[in-house]
Protein chains: 2
Amino acid sequence: MVRKITLAEIAEEAGVSKQTVSRVINNNPDVAIATRKRVQEIIDRLDYQPNVLARRLSARQTFTIGLISSNLHHIGPRSSFVAIDRDADAAGYRVLPYFLHTDDPVDPESHIRALMAHQPDAIIWEIARTWDEPVRIESPNLLSKIPIITMEYNLLGVPSVLDVGQQESARQIVHHLFDEGYKHVGIIGGPSHWQVAKRRFAGWREALSERGITFDERQIAYGDWSVESGAKGVAQLLDQFQEMDAVFACNDQMALGALSILNERGICIPDEMGVVGYDDMPECAFFWPPLTTVHQPFDTYGSILVHKAIEMIESNVKYGTFEAPEMTVIRPEIVIRRSSRKRL
Amino acid sequence: MVRKITLAEIAEEAGVSKQTVSRVINNNPDVAIATRKRVQEIIDRLDYQPNVLARRLSARQTFTIGLISSNLHHIGPRSSFVAIDRDADAAGYRVLPYFLHTDDPVDPESHIRALMAHQPDAIIWEIARTWDEPVRIESPNLLSKIPIITMEYNLLGVPSVLDVGQQESARQIVHHLFDEGYKHVGIIGGPSHWQVAKRRFAGWREALSERGITFDERQIAYGDWSVESGAKGVAQLLDQFQEMDAVFACNDQMALGALSILNERGICIPDEMGVVGYDDMPECAFFWPPLTTVHQPFDTYGSILVHKAIEMIESNVKYGTFEAPEMTVIRPEIVIRRSSRKRL
DNA sequence: CTGAAAGCGCTTACAG
DNA sequence: CTGAAAGCGCTTACAG
């Protein structure tokens, strides 16, 4: 391996001390203009690039934000991640992502510990998983050192900085179906260990009960968020819940699967069957027919997470202490398209 | 900020030298069993986690692979990235991703230089962009130190390790349309600074010329890969190329946009109009009607890139030199679904 | 405005 | 099997 140029060599070449070179690369104003110019020229000529590892090791801060995130194949984690990465970059931080590649049970402590070894200034926990028993991070070592924040639900004993009204918007979209004149609303739920799946399911149940409808097991199918599972789910519902005239798929992908089966069987949407989804992925407006859904501003979620994390980091650097910022509340709105317009 | 436990403290506590602790955490066999046990117990009790930065700074290797990638909103870069991250993890490497968030012109040298500051063991350049004039990495400093590989096209003067037959499969899918009896095939192309867009376009043109068809500007619309642009593109084609009876959208998203407009206008697919896409994203089989497309094994692309990179890293570590591995050739296959089955 | 010294937390030869 | 010394490439007080 070819050796890389070091700060010491620049200092030597310029006939100054290492600190002076350090000041130049860090834009410290306490350098004479002539000195700065001479050093900078040598840096440029030798194509010198400071070693980030060394810099991070010796400095107080690494300007790094750890992120523990779900699989990027899902629109939510993906869109939030893109926003997190972009906004962190713009603020002078690097994101250190740690992606979970399976849907297996996760052990938050071990993941956070692994990330901690990289000395991030803060950690964002972006996994929407739920556990049968409450899970909290126990090790005080882990909690006290740097800010750790979560997306929504206070699962880990760490502050959640963002409250998304999943249940409320699910409730609203189901009410919308009733308002349109549909009577028998089935649901294709998400995997039950996802917190968001539970919330959306609860919203459906709440709307039913507000309409005085008795809860019925036949109205329920479960998917795994995938298109295939939405297709299977609607087929199962058509079979076991024959009076069904509308279906709430708990994400847009599953709604697409449902649309496909319904179209295939010649069931007319929205006249004979209403279909609604959740997320408002960019494709929704181009489904056949265009899909009514709940719009989630994932981009905003990501931005909020980064900015709260940075806020906490800066407090930590300045005062040696940090506290949870105020929780931001977001209420996703429903977007009505043709798939649910029975009255038209 | 609370202090973190260091190797020195473990050594002190255990009454051994730092090297011995180092040997324990690195699973070096040259440690007496009793010593190892005692040290390990203290490590566990104090919840010690070695500082990755310090380790990387002093060791020869960082076990890090730099990645320069396009926006993850596109299925290709995203799926490949997931595979790269997963396979690198499995092999004991961390991926250091650097995502481009805009579609603006990029300067490869500056991106590679920025990544280099993190001391990766190799770099994967995963941007499919093209430049008007040939772009090569000039700085010998950049090229000689660590392996840098690209996805396909030898854009940068660095080895490309994967050859995907984009043009050939585009050609095949257009021939498939002719075989089904379609006569007038329009195209919705991708942005022209994407290498893959050029290749797919060339495949379309090649098929036309093989069928003895004269090239006609009215048959062409350009999109930007998005669903919206596919919708606009097909509307434009319907307008300017009225005899059109089939359309090749250069990715599935744009094909979805096209399907939407065609359905909207009551044009029957596949009888009156054939539609084909490119990529075979998981949703394709559930479009209305299900979409004929070219299947790209993005997952495999990612795996190949990682494994070639690791191969080169290991050669570099062992022999202090590396060379470009053999290029792997992949020929994506077409997947025929209903959107193009005129003969049915 | 500039520099000599110490230190960040590890690993690498080398010696025994 | 174990350890004293030097070093990775920077930054941080501190002194002048």
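Numbered from 1 within each chain, the chains take letters A, B, ... in sequence-line order.
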(request) For D:dT2, take OP1 and OP2 only and decide whether either is under 4.0 Å from a side-chain N or O of B:Thr35. (result) yes
(request) Please name all residues satisfying ring pair (Phe, Tyr, Trp, His ring centres under 6.0 Å) with A:Tyr48, sequence neighbours left out, ordered by chain then number. (result) none
(request) Round to the nearest Å and state the distance from A:Glu9 atom CD to D:dC10 atom P. (result) 9 Å
(request) Sorted by first residue and then second, give each salt bridge (Lys or Arg N to Asp or Glu O under 4.0 Å) pair with at least one member in residues 315-327 of chain A; sequence neighbours left out. (result) none
(request) Please check the phosphate of D:dG3 (OP1 and OP2 only) for any side-chain N or O of B:Ser17 closer than 4.0 Å. (result) yes
(request) Can you figure out which of C:dT2, D:dC10, D:dT2 approaches the side chain of A:Tyr48 most closely? (result) D:dC10
(message) Show, in sequence, the C-alpha distance, side-chain angles and deciding distance for A:Leu305 and A:Met151, and conclude whether the side-chain contact (heavy atoms from CB on, under 4.5 Å) test is met.
(response) CA-CA 7 Å; A:Leu305 287 169; A:Met151 171 87 183; 3.8 Å; yes
(request) Give the B/S/- string for nucleotides 11-16 of chain D, one per nucleotide from 5' to 3', where a protein heavy atom under 4.0 Å of the base yields B, of only the sugar-phosphate yields S, and otherwise -. (result) SBS---
(request) Quick one: stems involving DNA chain D, counted as three or more successive Watson-Crick or G-U pairs, both distances short of 3.5 Å. (result) C:1-3 with D:14-16, C:5-12 with D:5-12, C:14-16 with D:1-3
(request) Report the residue (B:Thr20 or A:Gln49) whose heavy-atom-nearest nucleotide on DNA chain D is the more 5′ of the two. (result) B:Thr20
(request) To the nearest Å, give me how far apart CD (B:Glu12) and P (D:dG3) are. (result) 13 Å
(message) Before you tell me yes or no, could you show the steps for B:Tyr301 and B:Phe81 under ring pair (Phe, Tyr, Trp, His ring centres under 6.0 Å), namely the whole-Å CA-CA distance, both residues' side-chain angles and the distance that decides it to 0.1 Å?
(response) CA-CA 9 Å; B:Tyr301 300 168; B:Phe81 170 65; over 10 Å; no
(message) Measure NE2/A:His118 against P/C:dG9 and give the value in whole Å, please.
(response) 16 Å
(request) Starting at atom CG of B:Leu57, determine the distance to atom P of D:dC10, rounded to an integer number of angstrom. (result) 9 Å
(message) Rounded to whole Å, please give me the gap between CG in B:Asn28 and P in D:dC1.
(response) 10 Å
(request) Rounded off to whole Å, could you give me the CG-to-C1' distance for the A:Asp30 and C:dG3 pair? (result) 13 Å
(request) Verify whether one side chain among A:Asn26 and A:Arg55 offers a donor that lies under 3.5 Å from an acceptor in the other. (result) yes
(message) Does anything in residues 298-313 of chain A form a salt bridge (Lys or Arg N to Asp or Glu O under 4.0 Å)? List the pairs, not counting sequence neighbours.
(response) A:Arg86-A:Asp299
(request) Indicate the atoms forming the closest heavy-atom contact of B:Arg36 with B:Asn28, along with that distance. (result) NH2-O, 2.9 Å
(request) Just call it for B:Asn51: base, sugar-phosphate, or nothing, with non-hydrogen atoms closer than 4.0 Å on any strand. (result) sugar-phosphate
(request) Please work out if A:Val16 contacts a base, only the sugar-phosphate, or nothing of the nucleic acid, heavy-atom cut-off 4.0 Å. (result) sugar-phosphate
(request) Supply the atom-to-atom distance A:Lys145 NZ to A:Asn316 CG, rounded to the nearest 0.5 angstrom. (result) 12.5 Å
(request) Find the distance A:Ile10:CD1 to C:dG3:C1' and express it as a whole number of Å. (result) 18 Å
(message) Going by the rule side chain to side chain donor-acceptor pair (under 3.5 Å), which residues pair with B:Arg78 if we only count those two or more places apart in sequence or in a different chain?
(response) none
(request) Let me know the distance between CG of B:Leu53 and C1' of D:dC10, rounded to the nearest Å. (result) 12 Å
